[in-house]
Amino acid sequence: MMHTSKFLSGLVAVAMGGVLILWIIPAQTLPTIFATVPSGFYSNFTSGMLATSGLALAVSGIFAKQPKQPQSSAAALAARFAVALILLGCATAAMPLVGFIPTGVGICLTTLLIMREDRWPLVAAISICAPVFIWIGFEIILGRPLP
């Protein structure tokens, strides 16, 4: 029996990875002439990992057993995904205006809430620390500017 939420989550991850690779990353990265690593390498690599893991999640959802707790209706699940995609799209559009860290916090928070994470100290820690560490890694360690 198919596990619908795993399957749909996997398809959304594949779609988001594809959108990142084909549209968002090329629009947000600037080519550099003298760089040891091409400007889109890390972002395309992580987006490819997102798409690949989403494909694995979708395939595992096809063969998974139904959970014992009741699932949300298909309409509620579709509404959650639509709200998440709208919020993620707004964060992407706002990134050049407000910067990476504020929109990164919003993206992490949206992702964790869609995952139904209810441990609020963990949600706050991940939502704040992940964008800051990514910013430190790219801006300070790698010398790659983020929007």
Side-chain angles (χ1 to χ4, degrees), residues 3-62 64 67 69 71-147:
H3 192 282
T4 309
S5 63
K6 281 187 178 183
F7 180 72
L8 291 176
S9 297
L11 290 181
V12 168
V14 169
M16 190 63 186
V19 166
L20 282 166
I21 290 170
L22 297 174
W23 178 54
I24 295 173
I25 293 171
Q28 297 293 327
T29 54
L30 298 172
T32 55
I33 298 170
F34 298 107
T36 56
V37 178
S39 59
F41 174 76
Y42 295 110
S43 51
N44 282 324
F45 178 76
T46 54
S47 299
M49 293 296 291
L50 173 67
T52 303
S53 61
L55 183 62
L57 182 63
V59 170
S60 73
I62 294 172
Q69 74 253 16
Q71 280 189 344
S72 301
S73 69
L77 191 60
R80 249 185 35 226
F81 281 130
V83 168
L85 288 176
I86 290 169
L87 290 174
L88 292 173
C90 290
T92 303
M95 193 173 292
L97 303 173
V98 297
F100 176 79
I101 293 179
T103 54
V105 169
I107 289 169
C108 285
L109 184 63
T110 301
T111 304
L112 289 169
L113 293 178
I114 291 298
M115 292 171 50
R116 293 186 180 177
E117 182 59 55
D118 59 354
R119 296 172 286 183
W120 293 106
L122 182 65
V123 168
I126 291 173
S127 295
I128 293 169
C129 292
V132 169
F133 288 144
I134 290 169
W135 182 85
I136 288 170
F138 279 91
E139 288 278 345
I140 296 173
I141 296 172
L142 297 174
R144 290 294 203 186
L146 292 173

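Contact detail for V105 and P131: the closest heavy-atom pair is N-CG, 3.5 Å. Contact record, K6 with G61: CB-CA, 3.8 Å, taken as the closest heavy-atom pair. Here the closest heavy-atom approach between residue A13 and residue G54 is recorded as CB-CA, 3.6 Å. Of all heavy-atom pairs spanning I107 and A91, the tightest one is CG1-CB, 3.7 Å.
Looking only at distances, a side-chain donor or acceptor of S43 sits under 3.5 Å from a matching main-chain atom of G40. Counting only distance, with no hydrogens or angles, the side chain of T52 and the backbone of M49 share no donor-acceptor pair below 3.5 Å.
Note that CG of N44 and CG of L22 are 9.0 Å apart. Values are rounded to the nearest 0.5 Å. Separating the OG1 atom in T46 from the CD1 atom in I25 is a distance of 6.0 Å, to the nearest 0.5 Å. For the atom pair CD1 of I62 and CG of L57, the computed distance is 10.5 Å after rounding to the nearest 0.5 Å. From M16, atom CE reaches atom CD1 of I24 across 4.5 Å, with rounding to the nearest 0.5 Å. Once rounded to the nearest 0.5 Å, the distance linking CD1 of I86 with OG1 of T110 reads 11.5 Å. With values rounded to the nearest 0.5 angstrom, F45 atom CZ is found 12.0 Å from L50 atom CG.
The ring pair (Phe, Tyr, Trp, His ring centres under 6.0 Å) check on F41 picks up nothing, with sequence neighbours excluded. The ring pair (Phe, Tyr, Trp, His ring centres under 6.0 Å) check on F100 picks up nothing, with sequence neighbours excluded.
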